[in-house]
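Bear in mind that the values here come from a model prediction, so they are computed numbers and not experimental data. What you see below is based on every heavy atom in this structure, not just the backbone, and it leaves out hydrogens, waters and symmetry mates.
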Amino acid sequence: MKDEQNASGLVLVVDDFPDTLALLHDALIESGFSVLVANNGPSALKICNEAKPDVVLLDAVMPDMDGFEVCKALKAEPETRGIPVIFMTGLTEPEHVVAGFNAGGIDYVTKPLIPVEVIARLNTHMKTSRLMSHTQGAFDAFGQAALALLPGTDRIIWQTALAKKLMQDYFPEGHSYDGSKFSEWIAELEQKQPKQRSSLVIEKNASKLVLTAADIQSDEQWLILLQEESEKAQIEKLRATFNLTKRESEVLHWVIMGKTDKTIAQILGSSPRTVNKHLEHVYIKLGVETRTAAASIAINKLQSVPA
């Protein structure tokens, strides 16, 4: 009898033994899954790229291209990185289990396979995968820069479009996370109490990327939020927050940076008298009388306004 909760689940089974493929195909179909099969690594990668299965059941030991290599290849590509991989293996030595997790697998089942156990694992990880997908979709819809990591590692499970762009900008290709401030920061997160955890700040030219751990309690994923702080972004935020003109927000930005009217005039290609006039308008809109008070209110307000 079919289980309705599995009806929309697409599973790719990868094994070089026809008997194993037949056993799992029949059991999964009977339980309500849609099933695709592959008997080698290259075929599995091709199917994953084309069909995007919900879960992959992957044999660890296969000729030519083994399951560990297949999994690493899947996790190396943004389009297939988020597909959960469950290893099927008769190798139960600790180093083999560790190798599976290091390759990017999320679980394993041992041979000889017990179909009811395999189906239970599939249901668990499929629910988690769908939850992650919904979370990513929500962040994407609101234009939020966010990414999820495999807990305790710098391995990205998924990331929003904006987060991907920011990570590429601040961690260009050829400068991986390995040994970087990002890896060190991730390693320290779990060791610190929540109140002791600080954000990671990566500076680049006149801008900086701030990464904050939003949720690292889950065993499935750690959620990281990203925010880029730049001169342009701050000026726009000042304009929107205090209903300033573009020039007024520019003047206030440089006041916050500690610049004098003369220096601000040079930066903006204006005169100190004009800068002072803009500053008078800023004082009125912020309800203050001095540049120190204006800077203080602006800084405090900006820190409380989400990106």
- Item | Step-by-step side-chain contact (heavy atoms from CB on, under 4.5 Å) determination, Phe17 to Leu21 | CA-CA 7 Å; Phe17 279 93; Leu21 290 177; over 6 Å; no
- Query: Is Lys181 paired with Glu184 through a side-chain N to carboxylate O contact shorter than 4.0 Å?
  - Reply: no
- Message: List the residues meeting salt bridge (charged side-chain N to carboxylate O under 4.0 Å, His left out) with Asp261, not counting sequence neighbours, and say none if there are none.
- Response: Arg291
- Query: Does a donor on one side chain and an acceptor on the other come within less than 3.5 Å for His278 and Glu248?
  - Reply: no
- Item | Sidechain-backbone polar pair: Thr80 side chain, Leu74 backbone, donor-acceptor under 3.5 Å | yes
- Message: Can you list everything that forms a salt bridge (charged side-chain N to carboxylate O under 4.0 Å, His left out) with Glu117? Sequence neighbours excluded, please.
- Response: Arg121
- Item | Derivation and outcome, salt bridge (Lys or Arg N to Asp or Glu O under 4.0 Å), residues Lys164 and Asp169 | CA-CA 9 Å; Lys164 181 179 180 181; Asp169 288 346; over 6 Å; no
- Query: Between Trp185 (side chain) and Ser198 (backbone), is there a donor-acceptor pair under 3.5 Å?
  - Reply: yes
- Gap between atom CD1 of Ile264 and atom NE2 of His253 - 0.5 Å precision: 9.5 Å
- Run the side-chain contact (heavy atoms from CB on, under 4.5 Å) check on Val11 and Leu36 step by step: do they pass? CA-CA 6 Å; Val11 181; Leu36 298 172; over 6 Å; no
- Message: I'd like to check Leu200 versus Phe182 (side-chain heavy atoms, cut-off strictly below 4.5 Å). Are they in contact?
- Response: yes
- Query: What do the steps show when you test Asn40 against Met62 for side-chain contact (heavy atoms from CB on, under 4.5 Å), and what is the final call?
  - Reply: CA-CA 7 Å; Asn40 59 68; Met62 294 184 293; 5.6 Å; no
- NZ of Lys165 to CD of Gln159: how many Å apart, nearest 0.5 Å? 13.0 Å
- Only counting residues at least two apart or in another chain, list the ones meeting salt bridge (charged side-chain N to carboxylate O under 4.0 Å, His left out) with Lys46. Glu50
- Scanning both residues in full, the closest heavy-atom pair of Cys48 with Leu12 reads SG-CD2, 3.6 Å
- Message: Let me confirm one number: the CG-CG distance from Leu24 to Asp19, rounded to the nearest 0.5 Å.
- Response: 11.0 Å
- Message: Are Asp59 and Thr89 packed together at the side-chain level, in the sense that at least one heavy-atom pair is separated by less than 4.5 angstrom?
- Response: no
- Message: For Glu280, give me all partners under salt bridge (charged side-chain N to carboxylate O under 4.0 Å, His left out), at least two apart in sequence or on another chain.
- Response: Lys277
- Message: Donor-acceptor pair, distance only, cut-off 3.5 Å: does the side chain of Asp66 make one with the backbone of Glu69?
- Response: yes
- Query: Quick one: does Leu226's side chain get under 4.5 Å of Val210's, heavy atoms only?
  - Reply: no
- Task: Find out whether the Lys NZ or Arg CZ of Lys204 is both under 6.0 angstrom from the six-membered ring centre of Tyr170 and within 45° of the ring's axis.
- Result: yes
- Task: Supply the atom-to-atom distance Leu57 CG to Leu113 CG, rounded to the nearest 0.5 angstrom.
- Result: 8.0 Å
- Message: Under 4.5 Å between side-chain heavy atoms, counting indirect links through other Ile/Leu/Val/Met/Phe/Trp/Tyr residues: same cluster for Leu150 and Val98 or not?
- Response: no
- Message: Determine whether Ile119 and Phe33 satisfy the following criterion, side-chain contact (heavy atoms from CB on, under 4.5 Å), listing intermediate values before the conclusion.
- Response: CA-CA 9 Å; Ile119 291 167; Phe33 290 97; 4.1 Å; yes
- Looking only at non-hydrogen atoms, find the nearest pair between Ile224 and Leu211 and report the distance. CG2-CB, 4.1 Å
- Item | Hphob cluster co-occupancy, Ile235 + Leu209, side-chain heavy atoms under 4.5 angstrom | no
- Give, for atom CD1 of Ile86 and atom CG of Leu122, the distance between the pair rounded to the nearest 0.5 Å. 4.5 Å
- Residues that Phe68 engages under ring pair (Phe, Tyr, Trp, His ring centres under 6.0 Å), provided they are two or more places apart: Phe87
- Message: Counting C-beta onward and ignoring hydrogens, is there a side-chain heavy-atom pair between Gln227 and Thr212 closer than 4.5 Å?
- Response: no
- Where Ala298 and Leu238 come nearest, the two heavy atoms and their spacing: CB-CD2, 4.0 Å
- Message: Could you work out, with side-chain hydrogen bond (donor to acceptor under 3.5 Å, both in side chains) as the rule, every residue matching Asp16, not counting sequence neighbours?
- Response: none
- Message: Treating Ser249 as the side-chain partner and Thr245 as the backbone partner, does any N or O pair qualify as donor plus acceptor under 3.5 Å?
- Response: yes
- Please round to the nearest 0.5 Å and tell me the distance separating atom NE2 of His25 and atom CD of Glu30. 12.0 Å
- Query: Is there a donor-acceptor pair closer than 3.5 Å between any side-chain N or O of Asn276 and the backbone N or O of Pro272?
  - Reply: no
- Query: Can Phe242 be reached from Val275 by stepping across I, L, V, M, F, W or Y side chains whose heavy atoms are under 4.5 Å apart?
  - Reply: yes
- Message: Could you tell me if the side chain of His281 sits less than 4.5 Å from the side chain of Leu252, heavy atoms only?
- Response: no
- Message: Donor-acceptor pair, distance only, cut-off 3.5 Å: does the side chain of Thr241 make one with the backbone of Lys237?
- Response: yes
- Task: List the atom of Val56, the atom of Pro53, and the distance in Å for their closest heavy-atom pair.
- Result: CG2-CG, 4.0 Å
- Query: Under a 4.5 Å cut-off applied to non-hydrogen side-chain atoms, are Thr292 and Ser296 in contact?
  - Reply: no
- Message: When you measure from the side chain of Lys285 to the backbone of Asn243, do you find a donor-acceptor pair of N or O atoms at a distance under 3.5 Å?
- Response: yes
- Side-chain contact test, heavy atoms from C-beta onward, threshold under 4.5 Å: evaluate it for Val13 versus Leu28 and give yes or no. yes
- Item | Which atom of Gly67 lies closest to which atom of Leu58, heavy atoms considered | O-CD2, 3.2 Å
- Task: Determine whether Ile267 and Leu244 fall in the same hydrophobic cluster, where Ile, Leu, Val, Met, Phe, Trp and Tyr are linked whenever their side-chain heavy atoms lie under 4.5 Å apart.
- Result: yes
- Message: Would a single hydrophobic cluster contain both Val55 and Ile29, if residues Ile, Leu, Val, Met, Phe, Trp and Tyr are joined by side-chain heavy-atom contacts under 4.5 Å?
- Response: yes
- Work out which heavy atom in Cys71 is nearest to a heavy atom in Gly105; give both atom names and the distance. SG-N, 3.6 Å
- Message: Keeping Lys75 on the side-chain end and Arg81 on the backbone end, is there a donor-acceptor pair under 3.5 Å?
- Response: yes
- Judged by atom type as modelled, is there a donor-acceptor pair below 3.5 Å linking the side chain of Ser270 to the main-chain atoms of Ala265? no
